[in-house]
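The structure under discussion appears below in the form of structure tokens.
Bear in mind the structure is a predicted one, so any value in this text is a computation, not a measurement. Whatever order the structure lists them in is the order used to number ligands and atoms, beginning at 1.
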Amino acid sequence: MGEHLTVVNHPLVQHKLTLMRDKDTPTAVFRQLLREISTLLAYEVTRNLAMTTRRVTTPIEDMDAPVLSGRKLALVSILRAGNGLLDGMLDLIPSARVGFVGLYRDEETLKPVQYYCKLPGDMPDRLVIAVDPMLATGNSSAAAIDLIKEQGATDIRFMCLLAAPEGVARMKEAHPDVPIVTAALDEKLNELGYIVPGLGDAGDRMFGTK
Ligand code: URA
């Protein structure tokens with residue numbers, strides 16, 4: 001992937017995102033929409049996976065047909081909201097290995113605090129796609145990528161639903177080698193670290209907490 005930031009402005013993605021932004025959208029619908037959008041974003045984030053060919057026999061004749069080259073994939077969900085993007089990704093790439101990084105945001109400092117990290121063992125051999133719906137300050141995303149790099153991964157992509165300019169800048173500074181795919185780049189962060197106009201707290205809206 002060449003560009004550092006790719007905004008997926010496909011009509012289906014934009015329509016579903018608008019429904020998700022609406023504060024009156026119920027939890028179950030929000031979760032379903034996130035799952036649907038994640039498969040559409042997954043389509044973009046995997047666009048240039050390495051390919052090779054395999055000989056197949058169609059009912060008509062033999063041909064060398066394209067298949068994925070077999071580079072192993074790892075999906076890493078940044079808990080807890082990352083799980084909302086994970087399910088749709090796994091629908092599309094069922095054989096991917098899955099890791100989890102648990103970070104919570106200290107509400108006063110807005111800095112990430114790690115409470116869990118379980119990643120597949122062979123990270124250096126894998127293309128890693130880290131997922132978290134909200135790229136806000138970028139602090140927790142950058143910290144999660146730090147942990148993934150500490151395990152030896154070198155080919156990493158980041159997929160989110162919404163990004164704030166501050167988060168994109170933070171990621172570009174900390175991890176310029178990690179391309180970002182998002183459904184929208186919003187205006188800014190507010191004083192509480194929420195994305196404006198955003199959609200509120202993605203975890204709370206997905207799981208019905210608060
Ligand atoms: N995390 C969220 O869930 N929402 C935001 O707006 C920012 C961070």
Side-chain angles (χ1 to χ4, degrees), residues 4-9 13-14 16-38 40-42 45 75-89 99-117 129-148 157-175 178 180-210:
H4 186 252
L5 180 71
T6 302
V7 178
V8 182
N9 56 6
V13 172
Q14 294 306 313
K16 289 174 193 294
L17 175 57
T18 297
L19 299 179
M20 293 183 75
R21 289 185 190 273
D22 186 337
K23 66 176 180 41
D24 294 326
T25 294
T27 299
V29 179
F30 185 93
R31 202 164 45 225
Q32 178 61 26
L33 288 165
L34 185 58
R35 187 182 187 124
E36 291 167 7
I37 289 191
S38 68
L40 296 164
L41 296 176
V45 81
L75 307 176
V76 176
S77 169
I78 302 172
L79 297 173
R80 69 181 160 149
N83 283 9
L85 289 174
L86 188 61
D87 293 340
M89 294 283 290
F100 296 92
V101 174
L103 298 163
Y104 68 87
R105 186 164 64 157
D106 185 302
E107 292 302 333
E108 275 171 26
T109 65
L110 302 185
K111 293 263 186 298
V113 183
Q114 182 195 325
Y115 64 90
Y116 189 74
C117 183
I129 302 175
V131 297
D132 189 356
M134 309 300 271
L135 178 56
T137 62
N139 288 332
S140 59
S141 304
I145 303 292
D146 283 339
L147 287 169
I148 291 167
R157 300 171 189 185
F158 183 81
M159 192 180 105
C160 59
L161 180 66
L162 280 187
E166 294 88 337
V168 174
R170 172 85 180 91
M171 282 287 276
K172 188 160 193 177
E173 167 197 273
H175 301 293
V178 176
I180 300 167
V181 170
T182 185
L185 178 62
D186 271 10
E187 198 184 312
K188 60 177 182 184
L189 293 180
N190 69 14
E191 61 289 350
L192 297 174
Y194 282 93
I195 297 178
V196 178
L199 49 73
D201 186 300
D204 282 345
R205 295 206 56 196
M206 190 183 311
F207 298 117
T209 44
K210 193 151 189 85

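Considering Leu135, Thr137, Asn139 in turn, Asn139 is the only one that fulfils the side chain to side chain contact (heavy atoms under 4.5 Å, CB included) rule with Arg170.
Between Val13 and Ile37, the shortest heavy-atom contact is O-CD1, 3.8 Å. What you find for Arg21 and Ala184 is that their closest heavy atoms are NH2-CB, 3.7 Å. Between Leu34 and Met206, the shortest heavy-atom contact is CD2-CE, 3.4 Å.
Checked by distance only, ligand 1 and Ile195 come closer than 3.5 Å through their nitrogen or oxygen atoms. Checked by distance only, ligand 1 and Ala202 come closer than 3.5 Å through their nitrogen or oxygen atoms.
Those atoms of ligand 1 with a heavy atom of Tyr194 less than 4.0 angstrom away are 4 (N), 5 (C), 6 (O), 7 (C). Less than 4.0 angstrom separates some heavy atom of Asp201 from each of these atoms of ligand 1: 2 (C), 3 (O), 4 (N).
Nearest to atom 4 (N) of ligand 1 by heavy-atom distance, out of Gly193, Gly200, Pro197, is Gly200.
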Mind listing the side-chain donor-acceptor pairs of residues 160-168 below 3.5 Å, one per line with the distance, residues two or more places apart or on another chain?
{"from": "Glu166", "atom 1": "OE2", "to": "Leu189", "atom 2": "N", "distance (Å)": "3.2"}

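For the pair Thr25 (side chain) and Phe30 (backbone), a donor-acceptor distance under 3.5 Å is absent.
In terms of protein heavy-atom proximity, atom 1 (N) of ligand 1 is nearest to Met134 CB, 3.7 Å. Regarding atom 8 (C) of ligand 1, its nearest protein heavy-atom neighbour is Ala136 CB, 3.7 Å.
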